[in-house]
Amino acid sequence: MSVGLVEETPYRWRIERQGAMRVPGVVFASRALLPDLSEEQALGQVVNVATLPGIVEASYAMPDMHWGYGFPIGGVAATDVDHDGVVSPGGVGFDISCGVRLLLADLHIDRLRPRLTALMDALDVTIPRGMRHGAVWRLRRPAELEEILTGGVRYAVAQGHGRDGDLDHCEDRGAVADADPAAVSARARQRGLEQVGSLGSGNHFLEVETVAEVYDEPIARSYGLWPGRVCVMIHTGSRGLGHQICTDFVRTMQAAMHRYGISVPDKQLACAPVSSPEGQAYLAAMAAAANYGRTNRQLLAEATRRAFERVTGDGELALLYDVSHNLAKLETHRSSRLCVHRKGATLALPPGHPDLPDDLRPVGQPVLVPGSMGVGSYVLAGVPDGPAFASACHGAGRRLSRHQAARTTKAARLRAELEAAGIAVRGASARGLTEETPCAYKDLDAVVDACAHAGLARIVARLTPVGVVKG
DNA sequence: ATGTTC
């Protein structure tokens, strides 16, 4: 893909406006990460996104960007709601509200080691995962699903699935206000009925980890991240419900676009004005899926607490934060009302932001960055004046397709390598394992380093895995 | 990511 990258700084590259682009493209990456990008059509997708009606500043891409549906994964795009700005389901992705939460045990890894096998076995039987394999929460009636879509984690906690303190440490305090279950199709609701509290498959996982290294002592102390502390990272989204909502609205908007005089260079960029009935309905359904996705992670966290309680006698795992990396939000930036699409890009609120709870406000929001299997994860922190609407990277970023990865990897060998590295693996199918081999991903250290140098976020701590549950 | 091609 020859779109012409101009080096602005060693960690920021510009694609000049050309053709129908309304704004330039801006890619945050080191020179070393660029070859991985240019092999794909991902840069062409950055260009395509720059043509969307109402887009402001630039079509941004994070250091972990790669090819996606319409928008690149790792893409950030904001449209001006008051100047014909559009919302696009492809700018959020199929797994609406996919995200991560991090739980902290009051336990040092040395004390867990003798019981690690027992803990992993407990999680093995506790955590539903894979395609269509049940869920923690058996809903008694469809009306309960409506409560989840409207009330999110707030409803889950009120029903006994968690504690009040969990709410403050969820993005949006666990529930987006403008969700409307009526905007969610019957088919989407049907698919969501039996998946509340389930991991799913692909890159979703539950990992028992320990704090391996601290880079920013004061912020790490505020977050409660001390070396050797045991923590649990849960990475999942809105399962079939979010997928169906995306499918429904891509179709709706593809049919409606001509009425608004919108044309896009790729059908997968289907969109509608934020203020249109279609745009409003999508945002209401998307918000419902966001509430569902967070509730899903909440239920898995409760199941994890019960497993810890049984094995270690202490199930009081504290929630550091729960944050999505696939969402569009209505936000005010420099007194403009914007619809900010983050697709494979994590919200990264700066210190002092009013949406943060009291204990996190002084230092900024925890930005949870899951790595590929066996590699571990990072905790970053939001910084003042971030250059992409308070967004940061969301992971290592895929380098090889699932097919390529599965073709070049032997499951038994990979499993043996993980076990040899002291990482207990539970529940992963051979196919799921090979598709998620770390070889299929970029170097997480390089991605996070680029993120920090580009001024998107500050590096706080690195976590290393001791056990992984996969679909 | 996904009842992995309505």
Side-chain angles (χ1 to χ4, degrees), chain A residues 40 42 45 64-75 88-100 128-135 145 184-206 234-252 254-255 267-268 270 285-286 288-290 292-294 296-297 300 323-328 341-346 370-373 394-407 428-437 440-441 469-471:
Chain A
E40 329 180 43
Q45 295 187 315
D64 53 330
M65 72 170 291
H66 55 109
W67 177 85
Y69 181 92
F71 283 58
I73 294 165
S88 174
V92 171
F94 277 85
D95 193 0
I96 298 170
S97 188
C98 182
V100 179
R129 71 255 177 196
M131 300 292 279
R132 300 191 114 184
H133 281 299
L145 180 67
V184 179
S185 68
R187 197 176 193 176
R189 275 182 270 142
Q190 182 60 38
R191 289 179 68 174
L193 212 46
E194 293 177 358
Q195 297 185 321
V196 187
S198 64
L199 210 46
S201 56
N203 67 354
H204 290 168
F205 64 74
L206 182 150
I234 299 172
H235 179 197
T236 185
S238 54
R239 308 285 277 106
L241 179 128
H243 192 278
Q244 188 64 46
I245 289 171
C246 184
T247 303
D248 292 341
F249 279 94
V250 165
R251 192 174 300 142
T252 301
Q254 276 173 348
K267 274 180 68 176
Q268 297 182 352
M286 183 211 69
Y292 183 96
R294 287 159 191 171
N296 187 21
R297 292 191 285 275
L300 291 175
V323 65
S324 173
H325 48 235
N326 281 5
L327 213 57
H341 301 72
R342 294 184 185 85
K343 179 189 190 177
T346 312
S372 52
M373 187 170 49
H394 89 305
R398 195 168 264 285
R399 197 170 60 82
L400 301 179
S401 71
R402 293 180 186 285
H403 182 73
Q404 284 173 307
R407 197 158 45 81
S429 66
R431 177 75 188 193
L433 210 57
T434 54
E435 285 183 352
E436 292 301 317
T437 174
Y441 286 84
V469 179
K470 280 198 78 75

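Scope of the values below: all heavy atoms of this structure, side chains included, with no hydrogens, waters or symmetry mates. Throughout, protein chains are lettered first and strands after them, A, B, ... in sequence-line order, and every chain is numbered starting at 1. These numbers were taken from a predicted model, which means no experiment stands behind them.
Shown here for A:Gly99 and A:Arg297, the closest heavy-atom pair between the two residues is N-NH1, 3.1 Å. Nearest heavy-atom pair across A:Phe71 and A:Lys343 is O-NZ, 3.0 Å.
As rounded to whole Å, 6 Å separates atom P of B:dT4 from atom CE of A:Met131. If you measure from atom CZ of A:Arg402 to atom P of B:dT2, you get 9 Å, rounded to the nearest angstrom. Taking atom CZ of residue A:Arg189 and atom C1' of nucleotide B:dG3, one finds them 18 Å apart after rounding to whole Å. Regarding A:Arg187, its CZ atom lies at a distance of 10 Å from the C1' atom of B:dG3, rounded to whole Å. The distance from atom CD1 of A:Ile245 to atom P of B:dG3 is 13 Å, rounded to the nearest whole Å. Taking atom CD on A:Gln190 and atom C1' on B:dG3, their separation rounds to 11 Å, with Å as the unit. Whole-Å rounding puts the A:Glu435 CD to B:dT4 P distance at 14 Å. For the pair A:Ile73 CD1 and B:dT2 C1', the interatomic distance rounds to 13 Å; values are reported in whole Å.
Using modelled atom types and a 3.5 Å distance limit, the side chains of A:Ser198 and A:Gln195 yield no donor-acceptor pair. Counting only N and O atoms by type, the side chains of A:Asn326 and A:His394 include no donor and acceptor under 3.5 Å apart.
Phosphate contact (OP1/OP2 of B:dT2, side-chain N/O of A:Ser201, threshold under 4.0 Å): present. Regarding contacts with the backbone of B:dT2, every side-chain N or O of A:Gln195 stays at 4.0 angstrom or more from both OP1 and OP2. For B:dT2, the OP1/OP2 oxygens have a side-chain nitrogen or oxygen of A:Arg239 closer than 4.0 Å.
A:Arg191 comes within 4.0 angstrom of a base, heavy atoms only. Residue A:Gly237 is out of contact with every strand shown, counting any heavy-atom pair closer than 4.0 Å. Within the nucleic acid shown, A:Gly202 comes within 4.0 Å of sugar-phosphate atoms alone, with no base atom in reach, counting heavy atoms only.
Between A:His235 and A:His325, the distance separating the two ring centers is shorter than 6.0 angstrom.
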